[in-house]
Amino acid sequence: MVQAVNKLNMTDSQLNMWRAVIAIAHADGTVQQEEKDYLYKTLANIDNSYNLTDAQRMALANDLKVPQNISTLIPLITDPQHRAMLVHFGEVLAWADNEISVDEEAILKKLHDGQMQSVDRDKLRADIQKKVHAQEADY
């Protein structure tokens, strides 16, 4: 007997992060086959892991066909972790075809710069020092 896996609900922030990733694929005007392959594989994994609503599923499917404006999606990504994930997955997607277009590069730079502006560098530095000191104490 196979046990049902407890799936998570996808938040609006997560959904809009994935919609923005898909928008990056459209940035240069052509979604390359390698980018499509990456997106289809990723969306299949998402569907296996999350309880997507019909509306969420339709939004993602539509975004594959119809380019969305990434600038309207970014403000809807409210969780800082999802914004960081957008930078990461956007870079992975942009390099899926082993070539990054000028348009993709501009979007990624804007995303990276925006992400870095939201980082509290003093807090990050303090957290790192705290972890280093804790590790030193363990040794």
Side-chain angles (χ1 to χ4, degrees):
M1 183 168 152
V2 178
Q3 282 187 317
V5 176
N6 290 335
K7 292 184 177 184
L8 303 169
N9 292 325
M10 180 167 281
T11 67
D12 289 340
S13 182
Q14 284 173 301
L15 175 67
N16 287 299
M17 185 268 301
W18 286 114
R19 294 185 72 202
V21 170
I22 295 169
I24 292 169
H26 289 283
D28 59 1
T30 305
V31 181
Q32 301 298 325
Q33 187 60 49
E34 296 88 352
E35 293 170 328
K36 287 179 188 177
D37 292 345
Y38 172 79
L39 289 170
Y40 290 140
K41 183 178 178 181
T42 300
L43 292 176
N45 287 333
I46 290 169
D47 200 34
N48 288 332
S49 301
Y50 289 90
N51 287 317
L52 296 176
T53 66
D54 289 340
Q56 289 172 326
R57 204 174 268 111
M58 286 176 33
L60 293 169
N62 183 58
D63 291 351
L64 289 169
K65 297 174 193 167
V66 180
Q68 301 301 309
N69 184 338
I70 195 167
S71 296
T72 61
L73 295 170
I74 290 174
L76 303 174
I77 307 169
T78 55
D79 185 318
Q81 181 178 355
H82 298 147
R83 285 182 177 242
M85 291 168 67
L86 172 59
V87 174
H88 170 75
F89 289 120
E91 287 177 354
V92 172
L93 173 71
W95 285 105
D97 61 354
N98 294 316
E99 193 174 313
I100 189 164
S101 73
V102 172
D103 295 323
E104 289 169 333
E105 187 172 11
I107 287 173
L108 292 173
K109 181 176 179 353
K110 183 178 176 180
L111 291 174
H112 184 268
D113 291 349
Q115 180 64 24
M116 292 310 294
Q117 288 176 359
S118 68
V119 171
D120 181 344
R121 293 173 193 232
D122 292 333
K123 182 181 180 322
L124 180 61
R125 195 173 294 114
D127 288 347
I128 291 170
Q129 288 175 343
K130 184 178 177 181
K131 287 179 184 177
V132 168
H133 291 304
Q135 288 176 345
E136 287 174 348
D138 288 342
Y139 290 117

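Values reported hereafter were calculated over all heavy atoms of this structure, with side chains retained and with hydrogens, waters and symmetry mates removed.
To the nearest 0.5 Å, the span separating CG on N51 from CG on N6 amounts to 9.0 Å. For the atom pair CG (L76) and CD (Q14), the distance works out to 14.0 Å, reported to the nearest 0.5 Å. Note that CD of E91 is 10.5 Å distant from CD of E105, once rounded to the nearest 0.5 Å. Atom CD of Q56 is separated from atom CE of M10 by 6.5 Å, given to the nearest 0.5 angstrom. Within the model, atoms CG of L39 and CG of L93 stand 5.0 Å from one another, a figure rounded to the nearest 0.5 Å. To the nearest 0.5 Å, the span separating CG on L43 from CZ on R57 amounts to 10.5 Å.
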Can T42 and V21 be said to form a side chain to side chain contact (heavy atoms under 4.5 Å, CB included), step by step? CA-CA 11 Å; T42 300; V21 170; over 6 Å; no
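Side chains of L86 and N16 form no contact here, defined as non-hydrogen atoms less than 4.5 Å apart. You'll find the side chain of V31 stays beyond 4.5 Å of the side chain of L64, heavy atoms only.
Among residues two or more places apart in sequence or in another chain, the side chain to side chain donor-acceptor pair (under 3.5 Å) test is passed with D12 by none. A search for side-chain contact (heavy atoms from CB on, under 4.5 Å) contacts involving V66 returns N62, Q68, not counting sequence neighbours. Listed by chain and residue number, S71, T72 satisfy the side-chain contact (heavy atoms from CB on, under 4.5 Å) test with N69 (two or more places apart in sequence, or in another chain).
I100 and A94 make their closest contact through CD1-CB, 3.9 Å (heavy atoms, listed as atom of the first residue, atom of the second, distance).
Screening residues 58-72 for salt bridge (Lys or Arg N to Asp or Glu O under 4.0 Å), with sequence neighbours left out, gives R19-D63. Residue pairs that meet the side-chain hydrogen bond (donor to acceptor under 3.5 Å, both in side chains) test with at least one member in residues 22-36, sequence neighbours left out, are Q33-D37. Among residue pairs with one or both ends in residues 52-90, those qualifying as ring-ring contact (aromatic ring centres under 6.0 Å, His included) are W18-F89; sequence neighbours excluded.
Here the options are L60, I77, L73, the test is side-chain contact (heavy atoms from CB on, under 4.5 Å), and the partner is L15; only L60 passes.
Following chains of ILVMFWY side-chain contacts shorter than 4.5 Å, one cannot reach V102 starting from I24, and the two form parts of different hydrophobic clusters. Clustering ILVMFWY residues whenever any of their side-chain heavy atoms sit less than 4.5 angstrom apart, transitively, puts M17 in the very cluster that holds V92.
In terms of modelled atom types and a separation under 3.5 Å, the side chain of K7 and the main chain of L52 share no donor-acceptor contact. In this structure, the side chain of T78 does not engage the main chain of S13 through any donor-acceptor pair within 3.5 Å.
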